[in-house]
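Below is one structure, written out as structure tokens; the observations come after it.
The basis for the numbers below is simple: all heavy atoms, side chains too, and nothing from hydrogens, waters or symmetry mates. Just so we're clear, the structure is a prediction, and the values are computed from it rather than from any experiment. Numbered from 1 within each chain, the chains take letters A, B, ... in sequence-line order.
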Number of protein chains: 2
Amino acid sequence: MATIAVENYLKHVLLLSEGADDLVPMGELAAALDVVPGTATTMVKALAAEGLVSHRPRYGVRLTAEGRRVALGVLRRHRLIETFLVEVLKMDWTEVHAEAELLEHAISDAVLDRLDALLGHPATDPHGDPIPTRQGKLDSQVYATLATCVLAKPLRIVRITEQSGEFLQFAEERGLRPGASVRVADRNLAAGLLTLKMSGARTVAVSLAAAGSILVAPAD
Amino acid sequence: MATIAVENYLKHVLLLSEGADDLVPMGELAAALDVVPGTATTMVKALAAEGLVSHRPRYGVRLTAEGRRVALGVLRRHRLIETFLVEVLKMDWTEVHAEAELLEHAISDAVLDRLDALLGHPATDPHGDPIPTRQGKLDSQVYATLATCVLAKPLRIVRITEQSGEFLQFAEERGLRPGASVRVADRNLAAGLLTLKMSGARTVAVSLAAAGSILVAPAD
DNA sequence: GGATTTATTTTGACTAATCAAAATAGCGCC
DNA sequence: GGCGCTATTTTGATTAGTCAAAATAAATCC
């Protein structure tokens, strides 16, 4: 059985290799897990010996098929738990990430299946992150971000990729939540600042960095 | 913060000291935790150094006020989770114990409070075990068991104290669940066998050992 | 293209929790 | 009141995961 530490390493390798299908550098992995780099090296070598990752010394790490299977399981548990906390327990979507982080290592398949059924087999969690299926399929649709999308066109927020509670509360306070309608009125790359128009003519200013973690689709 | 192992030691000291308010022998504790006796000794000495238990070498261990507070917290989480699994997720009451064993160490107070409210602040779990309050009060009402109660009188099962799935399935198959009506038709101590009359004139045979873990009250 | 900066790995040490097996202390028993 | 049984404690070792700090390799920069 995978320990909690092993599950966390695999989950973060998966998350950090999203999009960039390349090797995940050890430094990034160590930072994500909040351990010193040497610890990550030691652990990754052990995971490689177990066949869960492949390690290119000095360059980085990537999941094997088996490691990816395990990581997708953890991610599925995490996102279903987040959905449950919001939909059933009526918790705030800006604070459920940390809770799910704990529970994801303790919930059994039997309980998870019940939860999934109770929630109606949701496709995304409250942040818009796709939930891997039980068979290990992860929707990898690519969206534009508020930092890269066209100007002026009406858009819908589909996903917020950034887990910190402070960031999410900042977003929530400005109406920047999945499902919300938004238009980019102005984007000043030099100043790193965007002006957004929300529904009801509300105007909101966000940094370029923040805009990059808000994914959007045409309002169709 | 208490680790999972620490929480389990404290929880089991609490459970084993129920009724017998005496010292819990190390052997019993080790058996309950499924560790060798030497391990229990080592750990108990560490817990004593932390002020969570008091250890009388060669005689046994008991909780301090602080240790009891922690243990009651774990027990509250365990029993509320069991109740949730049965009431909300519709799982079988005979199989939720093992699930709760895992989740009890991972659930936060914030989530637990929501769960408690959703369930309507239940007083007992699906086995009839009392749920400690948030303030750390544990109902310690003493009941008769089927092994000790009066014969022939109509009774109501209030609690099953025995956690193993096999035992509980045995009980469930015979209608021996909390709330059920029962009467002890015959009790043969020499043979260690009881004959019970359930509602609908159903006759059930149980061992004296099994009867001892089924608590009853007058059918009022 | 050698010197410097930066990321990564190595080394040595530590903590929590465990086991196996030897040592010891109560306890009951004639 | 010593003998032996049984529970408990000690001792020595192991595993998983971690850190601090030294060593090393890759990349960058005149």
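Rounded to whole angstrom, the span from the CG atom of A/Leu33 across to the C1' atom of D/dA16 amounts to 15 Å. As a whole-Å value, the separation of B/Glu28 CD from D/dT6 C1' is 15 Å. Atoms NE2 (A/His105) and P (D/dG17) sit 12 Å apart, rounded to a whole Å. The distance between atom CG of A/Leu23 and atom C1' of C/dT8, rounded to the nearest whole Å, is 14 Å. Put simply, CD1 on B/Ile4 is 10 Å from P on C/dA17, counting in whole angstrom units. Rounded to whole angstrom, the span from the CG atom of A/Leu52 across to the P atom of D/dA16 amounts to 13 Å. In this entry the distance linking CG of B/Leu29 with P of C/dA17 reads 14 Å, nearest Å. Distance CE (B/Met26) to C1' (D/dT6): 16 Å, rounded to an integer number of Å.
Between D/dA27 and A/Tyr59, a contact under 4.0 Å exists linking OP1 or OP2 to a side-chain N or O. A close approach under 4.0 Å does not occur between any side-chain nitrogen or oxygen of A/Thr42 and OP1 or OP2 of D/dG17. Regarding contacts with the backbone of C/dC19, a side-chain N or O of B/Thr39 is found under 4.0 angstrom from either OP1 or OP2. Contact annotation: B/Tyr9 side-chain N/O to C/dA16 OP1/OP2 distance is not under 4.0 Å. When the side-chain nitrogen and oxygen atoms of B/His55 are compared with OP1 and OP2 of D/dT9, one or more of them lie within a distance under 4.0 Å.
Nearest to the side chain of B/Val35, among D/dA20, C/dC19, D/dT18, sits C/dC19. The side chain of A/Lys45 lies closest to C/dT10, out of C/dT10, C/dT9, D/dA26. Closest to the B/Val36 side chain, of the nucleotides C/dA20, C/dT10, D/dG17, is C/dA20.
With hydrogens and angles left out, the side chain of B/Arg58 and the base of D/dT9 share no donor-acceptor pair within 3.5 Å.
Look at B/Arg69 and B/Glu66 and you find a salt bridge, because one of the NZ, NE, NH1 or NH2 atoms lies within 4.0 Å of a carboxylate O, short of that distance. Between A/Glu99 and B/Arg114, no side-chain nitrogen of the basic residue sits less than 4.0 Å from a carboxylate oxygen of the acidic one, so the salt-bridge criterion is not met. Remark: B/Asp109 does not engage B/Arg134 in a salt bridge, criterion side-chain N to carboxylate O under 4.0 Å.
No option in B/Arg79, B/Lys11, B/Arg76 other than B/Lys11 meets the salt bridge (Lys or Arg N to Asp or Glu O under 4.0 Å) test with B/Glu104.
Summary of the strand contacts: A/Pro57 and A/Ala5 both lie near DNA chain D, and taking for each the nucleotide with the nearest heavy atom, the more 5' one is attributed to A/Ala5.
Two residues are said to be in side-chain contact when any heavy atoms from C-beta on lie closer than 4.5 Å; B/Glu166 and B/Thr94 fail this criterion.
Using a 4.0 Å heavy-atom distance criterion, B/Gly38 is classed as a base contact.
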